[in-house]
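So the structure is just underneath, and the comments pick up after that.
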Amino acid sequence: MPLSSSVIAGVFAAASFTTYPAFDRPGSRVEAVIDRGPILEMVVRCADGTGILSFSKIDKKYCTPDQRCTAGLGTAISRLCK
């Protein structure tokens, strides 16, 4: 018998989780990390608001929304918060 879409959605929802590094380390630029399996999404604090970076656990690269990727978190944050 095939699995229903609600069961499949529940499995994927249970597989992701969120951590808040800025809660433990005040001043951290990374406010939240959402684990989506092979990809981490990071909410980053910038001077004029926030932005989202992704990190590929497979490629070990950080990517900005304009799809520029780099191996360095600092470089990715600089590109995101320009």
Side-chain angles (χ1 to χ4, degrees):
M1 172 164 54
L3 293 174
S4 71
S5 59
S6 61
V7 170
I8 293 170
V11 168
F12 283 108
S16 68
F17 64 93
T18 304
T19 60
Y20 300 94
F23 182 77
D24 294 331
R25 292 182 302 279
S28 173
R29 298 281 306 265
V30 179
E31 294 184 347
V33 179
I34 302 100
D35 191 323
R36 306 241 188 244
I39 300 291
L40 296 175
E41 291 178 352
M42 290 174 262
V43 178
V44 176
R45 185 176 348 111
C46 298
D48 59 347
T50 58
I52 296 177
L53 291 175
S54 62
F55 175 74
S56 169
K57 294 178 189 177
I58 297 166
D59 295 334
K60 307 287 188 223
K61 292 191 178 180
Y62 299 90
C63 297
T64 58
D66 62 358
Q67 299 178 355
R68 295 188 322 168
C69 300
T70 181
L73 177 59
T75 301
I77 290 174
S78 295
R79 288 178 181 170
L80 179 70
C81 296
K82 56 182 173 171

| message | For Asp66, is there an ion pair with Arg68 - N to carboxylate O distance below 4.0 angstrom? | response | yes

| note | What one should report as the nearest heavy-atom pair of Tyr62 and Ala76 is CB-CB, 3.6 Å

| field | Over all atoms of both residues, closest heavy-atom pair of Met42 and Phe55 | value | CE-CB, 3.4 Å

| How long is the gap from CD on Glu41 to CD1 on Ile52, to the nearest 0.5 Å? | 6.0 Å

| Taking a hydrophobic cluster as the set of Ile, Leu, Val, Met, Phe, Trp and Tyr residues connected by side-chain heavy atoms closer than 4.5 Å, whether directly or through intermediates, do Ile39 and Leu73 fall within one such cluster? | no

| Exam field: side chain Arg29 to backbone Arg45, donor-acceptor pair closer than 3.5 Å | yes

| request: Specify the closest pair of heavy atoms between Cys46 and Gly51, including all atoms of both residues, with the distance to one decimal. | output: SG-N, 4.5 Å

| query | Checking Asp59 side chain against Lys61 main chain: does a donor-acceptor pair fall under 3.5 Å? | reply | no

| field | Asp48 and Lys82 ion-paired at < 4.0 Å | value | no

| task | Could you point out which residue of Leu40, Thr64, Val30 forms a side chain to side chain contact (heavy atoms under 4.5 Å, CB included) with Leu53? | result | Thr64

| Student check: side-chain heavy atoms of Thr50 and Glu31 closer than 4.5 Å | yes

| field | Full working for side-chain contact (heavy atoms from CB on, under 4.5 Å) between Val43 and Ile34 | value | CA-CA 8 Å; Val43 178; Ile34 302 100; 4.3 Å; yes

